[in-house]
There are 2 protein chains.
Amino acid sequence: MAGPGRPRAFDTESALDAAVEVFWRRGFVGASLSELAAAMGVNKPSVYAAFGDKAELFQAALRRYVERNMGYVADALAQPTARECAEAFLVGNARAVTMPGRPAGCLSVQAVVTPGDSNEFAALAENRSVIQGLFADRFRRAITEGDLPAGENADELAGFLITLTSGFAIRAADGTPQESLLAMAHRAMAAFPAVPAADS
Amino acid sequence: MAGPGRPRAFDTESALDAAVEVFWRRGFVGASLSELAAAMGVNKPSVYAAFGDKAELFQAALRRYVERNMGYVADALAQPTARECAEAFLVGNARAVTMPGRPAGCLSVQAVVTPGDSNEFAALAENRSVIQGLFADRFRRAITEGDLPAGENADELAGFLITLTSGFAIRAADGTPQESLLAMAHRAMAAFPAVPAADS
DNA sequence: ATGGTTATGTACCGGGCGTTAAAAAATTGC
DNA sequence: GCAATTTTTTAACGCCCGGTACATAACCAT
């Protein structure tokens, strides 16, 4: 299976996990290649050989972050009702942005917030946009299923949730404790439409 | 009034306004002194002479931003009822973070989001914390005045608003239009406690 | 005019950044 | 053992960063 040549002396996946942690804590600009390579336990040229330049490494780190740290999104989407879906998303996010021993906040928010580094900014903005689209689709389905009032705007509802979770990420980085975020998550559900009365 | 020596050839206030714009658009790390000085229409040594180093310039820019672009906070606090206060804050923020011709978002959120540059991060976090404290005080007063239910938690309520406006700043930078933010502001008011029935 | 004082423009500093060239080391196939 | 191939290591590159020395220009007081 292994081709010719000297075998790689480190595990790319755990190295990528280390890169995720650094980008998460420092942001894209704030993370230097020296710090990244050191955290990955590797010399800089090995980083370039395995992942490409800093921008490519960041894209790989973002993909890995999404699949390893944003599982609560898929969990929420799988909930049977729109209300449970929304609440699971908010609660799951509140927990994810305040995991003990991990950086506070969300890589997808903290890493880049200004359009200065345009490629990375675009990638993160699109990531958030995709997630918003998933919830919008879920809520559209809920409307046809009678699970949400017919007059509801699924896109606006999804945008409302993304706005809240973006805010959670900022507040978590400010040191807001998990229980405060959870209280806000439950309070926000008061702004979520009630299930329409069954007409059968 | 003017002391001895060569008079300053530029207006420090409008130069500071230009610095605000650059920090706002690029963030603290992303804004270079060359770009700052160019936007201010001045050479780098003049920046240092007038404002000190980059960190001091940023503090001055933040102060100026607060007094010139966050007037909606004071306006909101002056509203007669807690509900109007909260709604004015959300609406004012939604408008402020989507002003045409100005950078999207809020300097106090966009400039620094990671604790990497610790001094600036602390300054912004404290700025947000002070504002939260102002609203918490306002809501405490509202509780004693019977304007909010006695069981309400003024701090949590204020935190909820700050979380929303932090989210607004992120979403605005993502390109979310003003009317979407305004819709969310009004939706969020459904999560704000209703005025208790008068007991007189 | 002259001296004192402050701002301006130019040119530069050390340092850290992202990135890479080049040689040594470790593997596979023959 | 010997090429071929790939990774590792060391060292360096050019660049731009924040910050500054220095000579000059423009003002006030006398």
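Only heavy atoms go into these numbers, but all of them, side chains included; no hydrogens, no water, no symmetry mates.
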Query - 5′-ward residue of the pair A:Arg6/B:Gly5 relative to DNA chain D - result: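 Going by which nucleotide is closer to the 5' end, it is A:Arg6.
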Using a strict cut-off of less than 4.0 Å between a Lys/Arg side-chain nitrogen and an Asp/Glu carboxylate oxygen, indicate whether [X] and [Y] qualify as a salt bridge.
{"X": "B:Asp155", "Y": "B:Arg140", "value": "yes"}
{"X": "A:Glu152", "Y": "B:Arg187", "value": "yes"}
{"X": "B:Arg25", "Y": "B:Glu21", "value": "no"}
{"X": "B:Glu145", "Y": "B:Arg141", "value": "yes"}
{"X": "A:Asp17", "Y": "A:Arg68", "value": "yes"}

Query raised in the report: Between A:Asn43 and D:dT9, does any side-chain N or O lie under 4.0 Å from OP1 or OP2?
Result: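 So the side-chain polar atoms of A:Asn43 do come within 4.0 Å of the phosphate oxygens OP1 or OP2 of D:dT9, strictly under.
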Query raised in the report: Is A:Ala49 touching bases, backbone alone, or none of the nucleic acid, heavy atoms closer than 4.0 Å?
Result: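 The answer is nothing, as A:Ala49 stays clear of every strand by at least 4.0 Å.
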Query raised in the report: Checking all strands, does A:Ala50 fall into the base, sugar-phosphate, or nothing category for heavy-atom contacts under 4.0 angstrom?
Result: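 If one applies the 4.0 Å heavy-atom cut-off, A:Ala50 turns out to touch nothing in the nucleic acid.
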**Report entry** ILVMFWY clustering at 4.5 Å (side-chain atoms), partners of A:Ile170
**Finding:**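 A:Val109, A:Val113, B:Val109, B:Val113, B:Ile170, which link up through side-chain heavy atoms under 4.5 Å apart, make up the rest of the cluster.
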**Report entry** ILVMFWY clustering at 4.5 Å (side-chain atoms), partners of A:Met99
**Finding:**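 Noted: A:Met99 shares its cluster with no other residue.
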Query - Terminal contacting nucleotides, 5' and 3', DNA chain C versus chain B (heavy atom, 4.0 Å) - result: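 That gives a stretch of C:dG4 to C:dT10.
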Query raised in the report: Where the side chain of B:Thr176 meets the backbone of B:Ala172, is there a donor-acceptor pair that is under 3.5 Å apart?
Result: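 No: the side chain of B:Thr176 does not pair with the backbone of B:Ala172.
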Query raised in the report: Taking A:Trp24 for the side chain and A:Gly105 for the main chain, is one N or O donor matched with an acceptor at less than 3.5 Å?
Result: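 It does hold such a pair.
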Report task. Can you tell me which residue pairs pass the ring-ring contact (aromatic ring centres under 6.0 Å, His included) test with a partner in residues 139-158 of chain A, sequence neighbours excluded? Result ->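 Pairs touching residues 139-158 of chain A that pass the test: A:Phe139-A:Phe192.
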Query - Nearest-angstrom distance from the residue atom NZ of B:Lys54 to C1' of D:dC16 - result: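 For the pair B:Lys54 NZ and D:dC16 C1', the rounded distance is 12 Å.
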Query - Cation-pi, B:Tyr48 ring and B:Lys54 (6.0 angstrom, 45 degrees) - result: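 Relative to the ring axis of B:Tyr48, which defines the angle, B:Lys54 lies outside at least one limit.
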Report task. Can you sort out which residues in residues 17-37 of chain B have a heavy atom within less than 4.0 Å of DNA chain D? Ascending by number, please. Result ->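 Heavy-atom cutoff 4.0 Å gives B:Ala31, B:Ser32, B:Leu33, B:Ser34.
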Report task. Look at the side chain of A:Pro45 and decide which nucleotide, out of D:dT7, D:dT9, D:dG19, has an atom nearest to it. Result ->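 For A:Pro45, the side-chain atoms sit closest to D:dT9.
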**Report entry** Degree of bending, the helix from C:dA1-D:dT30 to C:dC30-D:dG1 (end axes from five pairs; round to 10°)
**Finding:**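 Between the first-five-pair axis and the last-five-pair axis there is 0°.
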Report task. Map B:Arg8 and B:Lys44 onto DNA chain C by nearest heavy atom, then report which one ends up closer to the 5' terminus. Result ->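 The 5'-side residue here is B:Arg8.
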